[in-house]
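Here the structure is laid out as structure tokens; the discussion comes afterwards.
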Amino acid sequence: MLVLGIESTCDETACAVVRDGCEILSNVIASQMDLHQMYGGVVPELACRRHVDVIIPTLKESLAEAQRQLAEIDLIAVARGPGLVGALLIGLNAAKALSLALAKPLIGVNHIEAHLYASLMSTEEPVTFPCLGVVLSGGHTAMVLIHNLGDYALVGETVDDAIGEAFDKVARLLHLRYPGGPEIERLAQSGDAWRYPFKGGRVKDKPFDFSFSGLKTAVLYTIQAGNFCPADIAASFQRAALQDVVSKTLTAASHYGCQSIVFGGGVTANQTLRTLFAKAAPALRTLWPPLRLTLDNAAMIAGLAYHAYQRRGADPLTLDVQTRLPLPVQRHPR
Ligand code: KG4
Ligand code: ZN
């Protein structure tokens with residue numbers, strides 16, 4: 001089955017053609033980084049306008065790269081949330097138009113679930129469920145128990161900033177470019193990670209919840225006090241944020257008896273994070289997305305949609321976007 005995937009939840013316009021849930025025939029991403037860089041973050045109105053401009057060329061490029069015609073596509077898949085409402089609407093309406101014009105089924109999937117699927121679609125070895133899923137992106141930070149594809153239980157989430165958002169905000173304080181994650185990681189390489197005693201936040205009675213706003217404020221105060229070393233700030237902040245993730249993840253994996261951890265989201269591009277896990281838990285199986293599937297992309301949307309379609313069939317053309325969309329739970333008792 002050939003699935004065309006469309007992704008437009010935030011600031012990347014992406015289209016991909018994927019066969020049978022895992023074989024990527026094309027994965028085209030039109031990044032808007034240049035557009036938002038001067039503002040230090042995503043400007044929703046600009047993002048929407050750019051999605052409108054580039055969605056058709058991106059679609060055409062993805063078909064050309066896959067060497068397929070539109071008529072050969074069996075299913076049109078789109079990320080229907082969570083994300084920015086205007087941005088989501090562009091992708092959803094493009095998907096609806098294609099579905100109607102080609103008389104092909106339409107299906108909407110969850111962007112966060114797709115980030116986790118990016119790791120699952122990239123492994124040959126089967127994964128034993130339940131396993132722990134860890135989403136670390138610019139908009140979301142959460143841990144979930146993955147009972148199966150399409151069946152999740154929330155373990156913990158951030159009560160304030162997402163981890164990627166914290167990287168972006170600290171980068172802005174240091175006058176680094178957007179997106180801040182890669183810039184902080186690069187600057188941290190020449191810094192002393194223990195120079196400043198930053199710590200990730202704890203949430204009372206919720207050992208698996210995250211809080212990054214206090215950490216961000218601690219960085220702000222250190223900068224305001226003057227006479228600081230930017231590289232040491234970057235390294236100390238990154239150490240604090242990543243260690244917090246490592247320790248909460250390992251505690252949750254042991255609490256729920258999970259042998260495998262599946263990672264997803266833009267922050268998992270961070271090599272220091274991957275190294276920290278390899279050192280802290282060499283016996284656990286960790287599944288990371290390959291770099292081309294780490295940031296927002298449509299291959300993960302098309303791949304996940306293949307399985308969602310087998311399980312629950314198509315969505316109606318009345319399908320709507322959802323700016324907040326919880327991960328799916330199976331209604332039937334297991
Ligand atoms: O998953 P993603 O592309 O978009 C959302 O769904 O939010 O994640 C983007 C986030 C940004 O906040 C960016 O700064 C962060 O991922 N990021 C990183 C790295 N590369 C991207 N954070 C830390 N280290 C990196 N190397
Ligand atoms: Zn994302």
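One is the number of the first residue; the rest follow in order along the sequence. In each ligand, atom 1 is the first atom listed, and ligand 1 is the first ligand listed.
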Side chain, backbone, both or neither: H115 near ligand 1, heavy atoms under 4.0 Å:
side chain

Quick check on the Zn ion (ligand 2): does C10 put an N/O/S atom closer than 2.8 Å to it?
no

Could you tell me which atoms of ligand 1, counted from 1 in the order shown, lie closer than 4.0 angstrom to a heavy atom of G138?
5 (C), 7 (O), 8 (O), 9 (C), 10 (C), 12 (O)

So which N/O/S atom does D296 have closest to the Zn ion (ligand 2)?
OD1

Atoms of ligand 1, numbered as shown, that sit under 4.0 Å from any heavy atom of G164:
12 (O)

Just need the protein heavy atom nearest to atom 13 (C) of ligand 1, so name the residue and atom and give the distance.
D168 OD1, 3.8 Å

Looking just at side-chain N and O atoms, do Q238 and S236 make a donor-acceptor pair shorter than 3.5 Å?
no

Could you check whether any heavy atom of P182 sits closer than 4.0 Å to an atom of ligand 1, since that is the contact criterion I want to use?
yes

The option among N270, L273, L291 carrying the non-hydrogen atom nearest to atom 24 (N) of ligand 1 is N270

Closest approach of any protein heavy atom to atom 15 (C) of ligand 1, naming residue and atom
V267 CG2, 3.9 Å

Atoms in ligand 1 with a heavy atom of G266 nearer than 4.0 Å:
1 (O), 2 (P), 8 (O), 16 (O), 17 (N), 18 (C), 19 (C), 20 (N), 21 (C)

Check: D161/S213 side-chain N/O donor and acceptor closer than 3.5 Å:
no

Yes or no: does H140 have any heavy atom under 4.0 Å from an atom of ligand 1?
no

Could you tell me whether the side chains of H111 and E7 share a donor-acceptor contact shorter than 3.5 Å?
yes

H140 N/O/S atom closer than 2.8 Å to the Zn ion (ligand 2):
no

Does the ring center of H115 lie less than 6.0 Å from the ring center of F263?
no

Around Y39, counting heavy atoms of other residues, nucleotides and ligands shown, do more than 12 lie under 6.0 Å from its OH?
no

Between T123 and R285, is the side chain to side chain donor-acceptor pair (under 3.5 Å) condition met? List the steps.
CA-CA 12 Å; T123 177; R285 181 171 172 208; 3.0 Å; yes

Say whether T222 and R195, considering side chains only, have a donor N or O and an acceptor N or O under 3.5 Å apart.
no

Nearest-contact summary for atom 26 (N) of ligand 1 - protein heavy atom, Å:
E185 OE1, 2.8 Å

Note the single closest protein heavy atom to atom 2 (P) of ligand 1, along with its residue, its atom name and the distance in Å.
D296 OD1, 3.5 Å

R274 atom CZ: more than 12 heavy-atom contacts under 6.0 Å:
yes

Say whether G181, considering both its backbone and side-chain N or O atoms, lies within less than 3.5 Å of an N or O atom on ligand 1.
yes

To the nearest 10 degrees, calculate the angle at the Zn ion (ligand 2) involving NE2 of H111 and NE2 of H115.
100°

Polar side chain donor-acceptor pair, T13 to H51, under 3.5 angstrom:
yes

Only one of N93, L106, L4 forms a side-chain contact (heavy atoms from CB on, under 4.5 Å) with L98, so which one is it?
L4

Could you tell me whether E12 approaches ligand 1 through its side chain, its backbone, both or neither, with non-hydrogen atoms closer than 4.0 Å?
neither

Ring centres of Y196 and F228 under 6.0 Å apart?
no

